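Beneath this line is the structure, given in structure tokens, with notes to follow.
Note that the structure is predicted; figures quoted are calculated from it, not measured.
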Amino acid sequence: GRNPAVYWEVEQFSKEFAEKVGLSSDTHIYGEVGILQPIYRDIKYWQTYLQKTTHTDDDYGPLAVLIDLINNPDGALFQRQIFSLVDKESFYAWNIHALLSATNRMDWAQNIRLYWNPALGKFQFFPWDTGVGSGWIEPDPLVIDQGSNPLINRVLSYPEFLSERNLRLWEDVNNRGRM
């Protein structure tokens with residue numbers, strides 16, 4: 001009672017966390033094993049934070065499919081299939097959150113939390129350790145899409161996906177969006 005201080009609590013990704021936010025806990029939340037590993041190249045750089053109760057082993061099947069798609073050079077295939085694996089609403093909200101936070105810390109190696117939503121059959125994103133205004137590299141104020149996240153870079157390399165993200169961003173900053 002005599003040591004006043006500011007305390008910071010971080011809720012862990014657990015069954016209780018998923019249920020508290022209204023999500024199924026019988027699935028996986030994926031994140032990187034460590035830092036400075038090319039997480040978008042191989043599932044060996046990932047771990048699960050929430051394990052399905054119906055299986056005893058970690059299940060990386062959906063994540064392996066996503067990583068294969070990201071690394072597949074067939075642009076038409078990527079364009080057709082990305083939003084059948086990734087929830088579009090969640091992806092754009094996650095990317096816009098990073099832009100408005102002035103961070104590029106969700107990169108090729110760290111700070112990714114992907115929730116496999118069994119009801120949707122798609123990945124959803126949790127902002128994690130975004131470091132508001134504290135990217136590893138100071139961003140160029142004239143280029144908002146500087147970053148080294150292979151998933152973001154690949155999605156936004158398609159003009160229709162970039163236009164949709166920009167429209168959503170415009171709506172959000174004009175207080176007409178989903179924020």
**Message:** Using the rule given for side-chain contact (heavy atoms from CB on, under 4.5 Å), can you reason through Q37 versus K44, listing the C-alpha separation, both sets of side-chain angles and the distance that settles it, and then say yes or no?
**Reply:** CA-CA 10 Å; Q37 300 294 327; K44 70 182 180 184; over 6 Å; no
**Message:** Would Y92 and F161 count as a ring-ring contact (aromatic ring centres under 6.0 Å, His included) here? Give the steps.
**Reply:** CA-CA 9 Å; Y92 286 129; F161 297 153; 7.4 Å; no
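Contacts of N72 classified as side chain to side chain donor-acceptor pair (under 3.5 Å), with partners at least two apart in sequence or in another chain: none.
Between Y30 and the choices Y60, F125, W116, the ring-ring contact (aromatic ring centres under 6.0 Å, His included) rule is met once, by Y60.
The backbone N or O of G75 lies less than 3.5 Å from a partner atom in the side chain of Y158, making a donor-acceptor pair. Between the Q110 side chain and the E32 main chain, no donor and acceptor come within less than 3.5 Å of each other. Formation of a donor-acceptor pair under 3.5 Å by the Q124 side chain with backbone atoms of Y115 is not found in this model. With hydrogens and angles ignored, the 3.5 Å screen pairs a side-chain donor or acceptor of H28 with a backbone N or O of D59. Judged by distance alone, with hydrogens and angles left aside, the side-chain atoms of R113 form no donor-acceptor pair with the main-chain N or O of F126 at under 3.5 Å. Between the side chain of S148 and the backbone N or O of D107, no donor-acceptor pair lies under 3.5 Å.
Taking the six-membered ring wherever Trp is involved, the centroid distance between the rings of F123 and F91 does not fall below 6.0 Å. Aromatic pair Y45/Y40: centroids not less than 6.0 angstrom apart.
Using a 4.5 Å cut-off on side-chain heavy atoms (C-beta onward), V173 and L100 make contact. Between L114 and L66, some side-chain heavy-atom pair lies under the 4.5 Å cut-off. Contact of the K122 side chain with the L85 side chain is not registered, since no non-hydrogen atoms from C-beta on lie closer than 4.5 Å. By the 4.5 Å heavy-atom criterion applied to side chains, E89 and R168 are counted as neighbours. Contact annotation: the side chain of N111 never approaches that of I35 to less than 4.5 Å [non-hydrogen atoms, C-beta and beyond]. The side-chain heavy atoms of L63 and W46, taken from C-beta on, include a pair separated by under 4.5 Å. For the pair D87 and N117, the minimum side-chain heavy-atom distance is 4.5 Å or more. Annotation: side chain of I67 is in contact with side chain of I43 (closest heavy-atom distance under 4.5 Å).
The CD1 atom of I82 sits 7.5 Å away from atom OG of S84, with the distance rounded to the nearest 0.5 Å. For the atom pair CD (E171) and CG (N166), the distance works out to 11.5 Å, reported to the nearest 0.5 Å. With rounding to the nearest 0.5 angstrom, the CG atom of L151 is 4.5 Å from the CD1 atom of I70.
The two residues L69 and F78 make their nearest non-hydrogen contact at O-CD1, 3.5 Å.
Under the 4.5 Å side-chain heavy-atom criterion for Ile, Leu, Val, Met, Phe, Trp and Tyr, V21 and L120 are members of distinct hydrophobic clusters.
A side-chain donor from one of N95 and R165 sits under 3.5 Å from a side-chain acceptor of the other.
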